[in-house]
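I have placed the structure first, in the form of C-alpha coordinates, so that the comments after it can refer back to it.
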Amino acid sequence: MVVSVRTYDQVGEAANALSSDREAYFLAGGTLLMRGVNEGSRALSTLVRTTDSSLRQIQSSGSRIEIGAAATMSDILANRELSFLHPAARAVGGPAIRNMATAGGNLFARTPYGDLTTAFLVLDAMVNFAGGSQAQLPLGQFLAEREKQPRPLVAGISIERPTSAAAFRFLKVSRVKPERLSVMCMAALLPQSGGRVQGARVAYGAMAPTPIRMTAVEQALEGVTLDESGVQAAAAAANTGASPATDAIASEWYRREVAPVHLKRLLLGQGS
Ligand SMILES: Cc1cc2nc3c(=O)[nH]c(=O)nc-3n(C[C@H](O)[C@H](O)[C@H](O)COP(=O)(O)OP(=O)(O)OC[C@H]3O[C@@H](n4cnc5c(N)ncnc54)[C@H](O)[C@@H]3O)c2cc1C
(Lines give C-alpha, C1' and ligand atoms only; values in the text may rest on other atoms or scores of the structure.)
Protein backbone atom coordinates (compact mmCIF):
# COMPACT_ATOMS: atom_id res chain seq x y z
CA MET A 1 0.00 0.00 0.00
CA VAL A 2 1.26 3.48 -0.86
CA VAL A 3 1.73 5.74 2.18
CA SER A 4 1.94 9.47 1.60
CA VAL A 5 4.07 11.37 4.14
CA ARG A 6 3.65 15.16 4.15
CA THR A 7 6.37 17.09 5.96
CA TYR A 8 5.93 20.74 6.94
CA ASP A 9 8.43 23.29 8.28
CA GLN A 10 5.89 24.99 10.53
CA VAL A 11 3.62 23.41 13.10
CA GLY A 12 0.72 25.63 11.94
CA GLU A 13 0.99 24.23 8.42
CA ALA A 14 0.97 20.69 9.76
CA ALA A 15 -2.11 21.51 11.88
CA ASN A 16 -3.90 22.86 8.79
CA ALA A 17 -2.96 19.79 6.76
CA LEU A 18 -4.28 17.54 9.52
CA SER A 19 -7.55 19.41 9.95
CA SER A 20 -8.24 19.52 6.22
CA ASP A 21 -7.82 15.76 5.70
CA ARG A 22 -9.90 13.52 7.98
CA GLU A 23 -7.94 10.47 6.79
CA ALA A 24 -4.57 11.91 7.87
CA TYR A 25 -2.67 10.97 11.03
CA PHE A 26 0.06 12.96 12.71
CA LEU A 27 3.39 11.14 12.86
CA ALA A 28 5.39 11.89 16.01
CA GLY A 29 7.96 9.37 17.32
CA GLY A 30 6.20 6.64 15.35
CA THR A 31 6.67 3.94 18.00
CA LEU A 32 3.00 3.02 17.71
CA LEU A 33 2.02 4.48 14.36
CA MET A 34 4.80 2.80 12.38
CA ARG A 35 3.69 -0.60 13.66
CA GLY A 36 0.38 -0.01 11.93
CA VAL A 37 2.10 1.18 8.76
CA ASN A 38 4.40 -1.85 8.72
CA GLU A 39 1.40 -4.12 9.19
CA GLY A 40 -0.20 -2.50 6.12
CA SER A 41 -3.07 -0.77 7.92
CA ARG A 42 -5.29 0.84 5.26
CA ALA A 43 -6.28 3.59 7.68
CA LEU A 44 -2.71 4.92 7.69
CA SER A 45 -2.38 6.05 4.09
CA THR A 46 -1.60 9.72 4.85
CA LEU A 47 0.83 10.81 7.52
CA VAL A 48 1.55 14.42 8.46
CA ARG A 49 4.76 15.43 10.22
CA THR A 50 6.64 18.63 11.01
CA THR A 51 10.29 19.50 11.52
CA ASP A 52 9.32 22.56 13.62
CA SER A 53 11.59 22.43 16.69
CA SER A 54 9.16 24.57 18.74
CA LEU A 55 7.01 21.45 19.16
CA ARG A 56 9.84 19.88 21.16
CA GLN A 57 10.49 22.69 23.62
CA ILE A 58 10.05 22.46 27.38
CA GLN A 59 9.38 25.84 29.03
CA SER A 60 8.58 27.03 32.54
CA SER A 61 6.22 29.86 33.28
CA GLY A 62 5.54 30.54 36.97
CA SER A 63 4.08 27.48 38.62
CA ARG A 64 3.44 25.74 35.29
CA ILE A 65 5.63 23.90 32.81
CA GLU A 66 4.75 23.53 29.12
CA ILE A 67 6.02 20.32 27.56
CA GLY A 68 6.02 20.37 23.75
CA ALA A 69 4.11 17.46 22.25
CA ALA A 70 7.21 16.29 20.36
CA ALA A 71 9.40 16.23 23.49
CA THR A 72 10.56 12.65 23.92
CA MET A 73 10.83 10.67 27.14
CA SER A 74 14.61 11.15 26.85
CA ASP A 75 14.12 14.94 26.56
CA ILE A 76 12.09 14.87 29.78
CA LEU A 77 14.74 12.74 31.49
CA ALA A 78 17.43 15.24 30.44
CA ASN A 79 15.52 18.15 31.95
CA ARG A 80 16.30 18.84 35.62
CA GLU A 81 13.22 20.97 36.17
CA LEU A 82 11.15 17.90 35.37
CA SER A 83 12.99 15.62 37.79
CA PHE A 84 9.75 14.90 39.68
CA LEU A 85 8.40 13.45 36.41
CA HIS A 86 11.45 11.27 35.69
CA PRO A 87 10.06 8.06 37.28
CA ALA A 88 7.09 8.22 34.89
CA ALA A 89 9.20 9.00 31.78
CA ARG A 90 11.69 6.27 32.74
CA ALA A 91 8.82 3.78 33.03
CA VAL A 92 8.11 4.02 29.28
CA GLY A 93 9.68 1.14 27.30
CA GLY A 94 13.45 0.67 27.00
CA PRO A 95 16.12 3.25 26.02
CA ALA A 96 15.49 3.02 22.26
CA ILE A 97 11.75 3.57 22.73
CA ARG A 98 12.35 6.49 25.13
CA ASN A 99 14.50 8.21 22.48
CA MET A 100 11.55 8.17 20.06
CA ALA A 101 8.37 8.10 22.15
CA THR A 102 6.86 11.55 22.60
CA ALA A 103 4.76 13.13 25.31
CA GLY A 104 2.07 13.98 22.74
CA GLY A 105 1.97 10.43 21.38
CA ASN A 106 1.56 9.08 24.90
CA LEU A 107 -1.77 10.93 25.18
CA PHE A 108 -3.10 8.78 22.34
CA ALA A 109 -1.55 5.46 23.39
CA ARG A 110 -4.15 2.83 24.17
CA THR A 111 -4.16 0.90 27.43
CA PRO A 112 -1.97 -0.68 28.85
CA TYR A 113 0.20 2.18 27.54
CA GLY A 114 -0.09 5.76 28.77
CA ASP A 115 2.25 5.80 31.77
CA LEU A 116 3.31 9.43 31.35
CA THR A 117 -0.28 10.49 30.69
CA THR A 118 -1.29 8.94 34.03
CA ALA A 119 1.27 11.15 35.76
CA PHE A 120 0.03 14.20 33.83
CA LEU A 121 -3.51 13.58 35.12
CA VAL A 122 -2.58 14.43 38.72
CA LEU A 123 -0.62 17.51 37.64
CA ASP A 124 -3.67 19.49 36.52
CA ALA A 125 -2.63 18.98 32.89
CA MET A 126 -4.12 21.05 30.09
CA VAL A 127 -3.77 19.91 26.48
CA ASN A 128 -2.89 22.72 24.06
CA PHE A 129 -3.71 22.50 20.38
CA ALA A 130 -2.00 23.95 17.32
CA GLY A 131 -4.16 25.99 14.92
CA GLY A 132 -7.95 25.81 14.81
CA SER A 133 -10.39 27.43 17.21
CA GLN A 134 -10.00 25.04 20.16
CA ALA A 135 -7.12 26.34 22.24
CA GLN A 136 -7.01 24.16 25.37
CA LEU A 137 -8.76 21.21 27.04
CA PRO A 138 -8.32 19.68 30.50
CA LEU A 139 -6.53 16.34 30.02
CA GLY A 140 -9.41 14.32 31.53
CA GLN A 141 -11.84 15.75 28.99
CA PHE A 142 -9.34 15.26 26.18
CA LEU A 143 -8.94 11.57 27.07
CA ALA A 144 -12.72 11.06 27.22
CA GLU A 145 -13.05 12.51 23.71
CA ARG A 146 -9.83 11.41 22.05
CA GLU A 147 -11.29 8.72 19.79
CA LYS A 148 -13.61 11.25 18.18
CA GLN A 149 -12.91 12.80 14.80
CA PRO A 150 -11.35 15.09 13.75
CA ARG A 151 -7.88 14.46 15.15
CA PRO A 152 -6.42 17.81 16.17
CA LEU A 153 -2.68 18.45 16.34
CA VAL A 154 -1.64 18.58 19.98
CA ALA A 155 0.97 21.31 20.47
CA GLY A 156 1.86 20.59 24.08
CA ILE A 157 0.83 19.72 27.59
CA SER A 158 0.86 22.30 30.36
CA ILE A 159 1.35 20.86 33.84
CA GLU A 160 1.46 22.26 37.34
CA ARG A 161 4.79 21.97 39.10
CA PRO A 162 4.28 20.17 42.47
CA THR A 163 4.99 22.51 45.40
CA SER A 164 7.31 19.85 46.80
CA ALA A 165 8.88 16.93 44.96
CA ALA A 166 7.81 14.62 47.83
CA ALA A 167 4.15 15.46 47.15
CA PHE A 168 4.29 13.69 43.78
CA ARG A 169 4.43 9.89 43.63
CA PHE A 170 4.48 7.43 40.72
CA LEU A 171 4.49 3.65 40.69
CA LYS A 172 4.40 1.15 37.84
CA VAL A 173 3.60 -2.52 38.27
CA SER A 174 4.94 -4.74 35.48
CA ARG A 175 5.90 -8.34 34.96
CA VAL A 176 7.31 -8.61 31.43
CA LYS A 177 10.90 -7.44 30.94
CA PRO A 178 12.35 -5.48 29.22
CA GLU A 179 9.28 -3.86 27.64
CA ARG A 180 7.65 -3.62 31.05
CA LEU A 181 4.07 -3.09 29.97
CA SER A 182 1.81 -1.96 32.77
CA VAL A 183 -0.18 -4.36 34.86
CA MET A 184 -1.12 -0.96 36.20
CA CYS A 185 0.50 2.33 37.01
CA MET A 186 -0.49 4.85 39.62
CA ALA A 187 0.28 8.52 40.18
CA ALA A 188 -0.60 10.69 43.14
CA LEU A 189 -0.22 14.29 44.16
CA LEU A 190 -0.49 14.45 47.94
CA PRO A 191 -0.21 18.02 49.25
CA GLN A 192 -0.27 18.17 53.05
CA SER A 193 -1.08 20.82 55.59
CA GLY A 194 -0.31 20.22 59.27
CA GLY A 195 0.53 16.60 58.48
CA ARG A 196 -2.86 15.97 56.84
CA VAL A 197 -3.64 15.47 53.16
CA GLN A 198 -5.45 18.35 51.49
CA GLY A 199 -6.51 18.26 47.85
CA ALA A 200 -5.18 14.81 46.88
CA ARG A 201 -5.20 13.76 43.26
CA VAL A 202 -4.81 10.10 42.31
CA ALA A 203 -4.79 8.55 38.82
CA TYR A 204 -4.45 5.01 37.45
CA GLY A 205 -3.19 3.76 34.10
CA ALA A 206 -4.18 0.38 32.58
CA MET A 207 -7.18 0.16 34.92
CA ALA A 208 -9.75 1.57 32.44
CA PRO A 209 -9.88 2.24 28.67
CA THR A 210 -7.86 5.43 29.27
CA PRO A 211 -5.86 6.71 32.25
CA ILE A 212 -8.38 7.95 34.84
CA ARG A 213 -8.61 10.03 38.00
CA MET A 214 -9.72 7.97 41.02
CA THR A 215 -12.13 10.34 42.73
CA ALA A 216 -13.34 7.88 45.43
CA VAL A 217 -9.72 7.34 46.50
CA GLU A 218 -9.11 11.09 46.49
CA GLN A 219 -12.15 11.69 48.72
CA ALA A 220 -11.05 8.96 51.13
CA LEU A 221 -7.67 10.67 51.49
CA GLU A 222 -9.01 14.08 52.42
CA GLY A 223 -7.78 15.11 55.88
CA VAL A 224 -5.98 11.84 56.68
CA THR A 225 -2.41 11.26 57.78
CA LEU A 226 -0.33 9.13 55.45
CA ASP A 227 0.21 6.20 57.77
CA GLU A 228 -1.05 2.62 57.89
CA SER A 229 -4.41 3.46 59.49
CA GLY A 230 -4.86 6.77 57.63
CA VAL A 231 -4.76 5.11 54.18
CA GLN A 232 -7.15 2.21 55.01
CA ALA A 233 -10.25 3.93 53.61
CA ALA A 234 -8.41 4.85 50.40
CA ALA A 235 -7.24 1.24 49.99
CA ALA A 236 -10.84 0.04 50.50
CA ALA A 237 -11.91 2.38 47.65
CA ALA A 238 -8.99 1.34 45.43
CA ASN A 239 -11.19 -0.23 42.74
CA THR A 240 -14.12 2.19 42.87
CA GLY A 241 -14.47 3.63 39.35
CA ALA A 242 -11.90 1.27 37.82
CA SER A 243 -12.83 -0.99 34.88
CA PRO A 244 -9.69 -2.96 34.11
CA ALA A 245 -9.48 -5.27 31.10
CA THR A 246 -8.16 -8.78 30.81
CA ASP A 247 -5.23 -8.75 28.38
CA ALA A 248 -1.97 -10.59 27.73
CA ILE A 249 -0.35 -8.84 30.70
CA ALA A 250 -2.90 -9.58 33.44
CA SER A 251 -6.52 -10.52 34.03
CA GLU A 252 -9.16 -8.11 35.25
CA TRP A 253 -9.40 -10.21 38.44
CA TYR A 254 -5.65 -9.93 39.10
CA ARG A 255 -5.59 -6.19 38.48
CA ARG A 256 -8.45 -5.67 40.95
CA GLU A 257 -6.85 -7.95 43.53
CA VAL A 258 -3.49 -6.18 43.58
CA ALA A 259 -4.70 -2.57 43.17
CA PRO A 260 -5.28 -1.98 46.94
CA VAL A 261 -1.84 -3.38 47.78
CA HIS A 262 -0.04 -1.14 45.30
CA LEU A 263 -2.14 1.88 46.20
CA LYS A 264 -1.14 1.49 49.84
CA ARG A 265 2.52 1.22 48.84
CA LEU A 266 2.22 4.39 46.77
CA LEU A 267 0.51 6.32 49.56
CA LEU A 268 2.95 5.14 52.21
CA GLY A 269 5.89 6.08 50.00
CA GLN A 270 6.98 2.48 49.50
CA GLY A 271 6.56 2.49 45.69
CA SER A 272 9.25 3.05 43.07
C1 LIG B 1 8.33 -1.87 22.50
C2 LIG B 1 7.40 -0.76 23.00
C3 LIG B 1 7.31 -0.55 24.36
C4 LIG B 1 6.46 0.46 24.85
N5 LIG B 1 6.39 0.65 26.19
C6 LIG B 1 5.57 1.61 26.67
C7 LIG B 1 5.45 1.82 28.06
O8 LIG B 1 6.10 1.15 28.88
N9 LIG B 1 4.62 2.80 28.49
C10 LIG B 1 3.88 3.58 27.64
O11 LIG B 1 3.15 4.46 28.10
N12 LIG B 1 3.96 3.40 26.31
C13 LIG B 1 4.78 2.43 25.80
N14 LIG B 1 4.86 2.23 24.45
C15 LIG B 1 3.97 2.99 23.57
C16 LIG B 1 4.58 4.25 22.96
O17 LIG B 1 5.97 4.10 22.71
C18 LIG B 1 4.40 5.49 23.84
O19 LIG B 1 3.08 5.55 24.33
C20 LIG B 1 4.74 6.79 23.09
O21 LIG B 1 4.68 7.86 24.00
C22 LIG B 1 3.89 7.07 21.86
O23 LIG B 1 4.44 8.25 21.27
P24 LIG B 1 4.94 8.33 19.75
O25 LIG B 1 5.53 9.67 19.57
O26 LIG B 1 5.79 7.19 19.37
O27 LIG B 1 3.53 8.22 19.00
P28 LIG B 1 3.24 7.85 17.48
O29 LIG B 1 3.43 6.39 17.26
O30 LIG B 1 3.96 8.77 16.55
O31 LIG B 1 1.68 8.22 17.42
C32 LIG B 1 0.74 7.50 18.19
C33 LIG B 1 -0.64 8.15 17.98
O34 LIG B 1 -0.68 9.45 18.52
C35 LIG B 1 -0.99 10.41 17.52
N36 LIG B 1 -0.17 11.59 17.82
C37 LIG B 1 1.12 11.60 18.24
N38 LIG B 1 1.51 12.86 18.52
C39 LIG B 1 0.45 13.66 18.23
C40 LIG B 1 0.23 15.06 18.30
N41 LIG B 1 1.18 15.90 18.72
N42 LIG B 1 -0.98 15.53 17.94
C43 LIG B 1 -1.96 14.69 17.51
N44 LIG B 1 -1.80 13.35 17.43
C45 LIG B 1 -0.63 12.84 17.78
C46 LIG B 1 -0.63 9.75 16.21
O47 LIG B 1 -1.33 10.30 15.11
C48 LIG B 1 -0.99 8.32 16.49
O49 LIG B 1 -2.39 8.14 16.32
C50 LIG B 1 5.71 1.24 23.94
C51 LIG B 1 5.81 1.01 22.56
C52 LIG B 1 6.64 0.02 22.11
C53 LIG B 1 6.74 -0.20 20.61
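Numbering of ligands and ligand atoms starts at 1, following listing order.
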- Message: One residue to check: Pro152. Relative to ligand 1, which of side chain, backbone, both or neither has a non-hydrogen atom less than 4.0 Å away?
- Response: backbone
- Region of Arg151 that comes within reach of ligand 1 [heavy atoms, distance under 4.0 Å]: neither
- Message: Are any of the N/O atoms on Arg35, whether in the backbone or the side chain, positioned under 3.5 angstrom from an N/O atom of ligand 1?
- Response: no
- Item | Min heavy-atom dist Met73 to ligand 1 below 4.0 Å | yes
- Would a hydrophobic clustering, with Ile, Leu, Val, Met, Phe, Trp and Tyr connected at side-chain separations under 4.5 Å, put Tyr8 with Phe26? yes
- Message: Checking the N or O distance criterion of under 3.5 Å, is ligand 1 in contact with Ile97?
- Response: no
- Task: Under 4.0 Å, heavy atoms only, figure out whether ligand 1 is touched by the backbone of Lys172, its side chain, both or neither.
- Result: side chain
- Message: Are any of the N/O atoms on Phe26, whether in the backbone or the side chain, positioned under 3.5 angstrom from an N/O atom of ligand 1?
- Response: yes
- Query: Under 3.5 Å, is there a donor-acceptor pair linking the side chains of Asp115 and Thr118?
  - Reply: no
- Query: Distance-only, no hydrogens or angles: does the Arg175 side chain make a donor-acceptor pair with backbone N or O of Ile249 under 3.5 Å?
  - Reply: yes
- Query: Should Asp115 be counted as touching ligand 1, given the test is an N or O pair under 3.5 Å?
  - Reply: yes
- Message: Given Gly105, Gly93, Ser182, identify the one with the heavy atom nearest to atom 37 (C) of ligand 1.
- Response: Gly105
- For ligand 1, is any non-hydrogen atom under 4.0 Å from Ala28's backbone (N, CA, C, O), its side chain (CB onward), both, or neither? both
- Query: If you measure only the distance, is there a donor-acceptor pair under 3.5 Å linking the side chains of Asp227 and Thr225?
  - Reply: yes
- Query: Do any N or O atoms from the side chain of Glu218 and from the backbone of Val202 form a donor-acceptor pair under 3.5 angstrom?
  - Reply: yes
- Message: What I'd like to find out is whether the side chain of Met186 reaches to under 4.5 Å of the side chain of Leu263, using heavy atoms alone.
- Response: yes
